[in-house]
Amino acid sequence: MRPILLQGHERSLTQIKFNADGDLLFSCSKDSIINVWFSHNGERLGTYEGHNGTVWTVDTDPSTELMVSGSADNSMKLWQVSTGKCLYTWEFPTAVKRVALNEEGTQIVCITEQRMGYQCAIRVFDINRDEPTKQSKEPLHMFNPVGSKATVCAFTPTPGVIITGHESGKVALFNVKSGEEIESNERAHGDVITDLQLSKDRTYCVTSSKDKSARIHDTKNLMVIKTYTTETPLNSAAIAPNRPYILLGGGQEAMSVTTTSLRQGKFETRFWHKVFEEEVGRVKGHFGPINTIAVHPNGTTYASGGEDGFVRVHHFDDSYYRAKPYGDAEILD
Amino acid sequence: EDAAEESNVSAELIALRKRLVDEWNAWRLLRKKEIGEKGESKKEGDEEKEEIE
């Protein structure tokens, strides 16, 4: 499983994301650009320039026509994937930390930072797909989550309901129309939730946290289904489709790295058995913490983006498919 | 790969893993069935409906 190294960012990666077909990989970084790569060979297809600060987050629609990004420059941008053209820019009082599209690619949910007298806000926008350069400036819904600020979010399969992860470690379900918290698990994690990724059918999700663990939650009722406990703060967790694995990445912060050996730095992608909650393998590579992990929608490839500024793309080899850790019982996705 | 060869696991562990797989699969089947049903019956109005993949 020789990785392909993608060198196109000058600063650390913040989020990487495969499109729905899996042929493209989007990466965003603190260097304020977004790159798009062919996932099979790592060739760079293009760059999206326009943000004036860290790009924290990206997402694409199911047809890969549109891409949405959120940045520390207090803006959210809608891009035409094929041309690299910025179609629309929404401006906010604070940084955009997370964006996510719904399954149909018709709505965006975004989180803006709590800062300078502004509360953390969650907004939902309709995407005008007919005339993409003409978007509504005002959100369809907006609310301020009660208590701890939100760090990650996604649409659940229930219309009008989003799932959020918070700075306090809380996971919650919100009605976007009313802003009402429908359900919450205050103790889902003991520290900041750093990532939240959905299963293909959106009926469950995995969260990662600085509390060194990752968890699978039922997106219907927030029941914790599984817990994966590691020895390092986690920045990202991804679900491998068609195989019973969860991929985890993280590592000590740069400041504490000098006091430990590289091994203890733990800059490895960890593979955990999804059902048995046991670690089954690790993949080394990055020279700094892993900030973001994404798995190809068919489960054939995974990529990791590091604090070191690199993206590493790994195509799984035969041994990965042959491996049946702990028996050959069929495990549903 | 290294975890593939695990032959000396005890009978208890095998039983535990079987139970974990059964529980997981039962929960997955339930959720898959739910979104399948709700997706098929696309009701109008304010009624909550869920979409299929």
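By convention in this document, chain letters (A, B, ...) are assigned in the order of the sequence lines, proteins followed by strands, and residues within each chain are numbered from 1.
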**Item:** For chain B, the option from A/I331, A/T156, A/L332 that forms the most heavy-atom pairs under 4.5 Å
**Value:** A/L332
**Message:** Taking CZ in A/R187 as the centre, count heavy atoms belonging to other residues, nucleotides or ligands within less than 6.0 Å. Is the count above 12?
**Reply:** no
**Atom group of A/E330 that falls short of 4.5 Å from chain B, counting heavy atoms** = backbone
**Asked** If you round to the nearest 0.5 Å, how far is CZ of B/R17 from CD of A/E278?
**Response** 4.5 Å
**Fill in**
Note: B/I35 and A/T203 closest approach over all heavy atoms is CG2-CG2, 3.7 Å
**Prompt:** With a 4.5 Å limit on heavy-atom distance, are the side chains of B/V21 and A/F276 in contact?
**Reply:** yes
**Test item: side-chain donor near acceptor, A/T219 and B/R31, under 3.5 Å** = no
**Asked** Distance from A/D218 atom CG to B/W27 atom CH2, nearest 0.5 Å?
**Response** 5.0 Å
**Message:** Quick one, A/I225 with B/E23, criterion side-chain contact (heavy atoms from CB on, under 4.5 Å). Give me CA distance, side-chain angles, the key distance, then yes/no.
**Reply:** CA-CA 10 Å; A/I225 306 291; B/E23 282 173 6; over 6 Å; no
**Fill in**
Interatomic distance, CG@A/D333 vs CH2@B/W24, rounded to 0.5 Å, equals 8.5 Å
**Asked** What part of B/I14 gets closer than 4.5 Å to chain A, counting heavy atoms only: side chain, backbone, both or neither?
**Response** neither
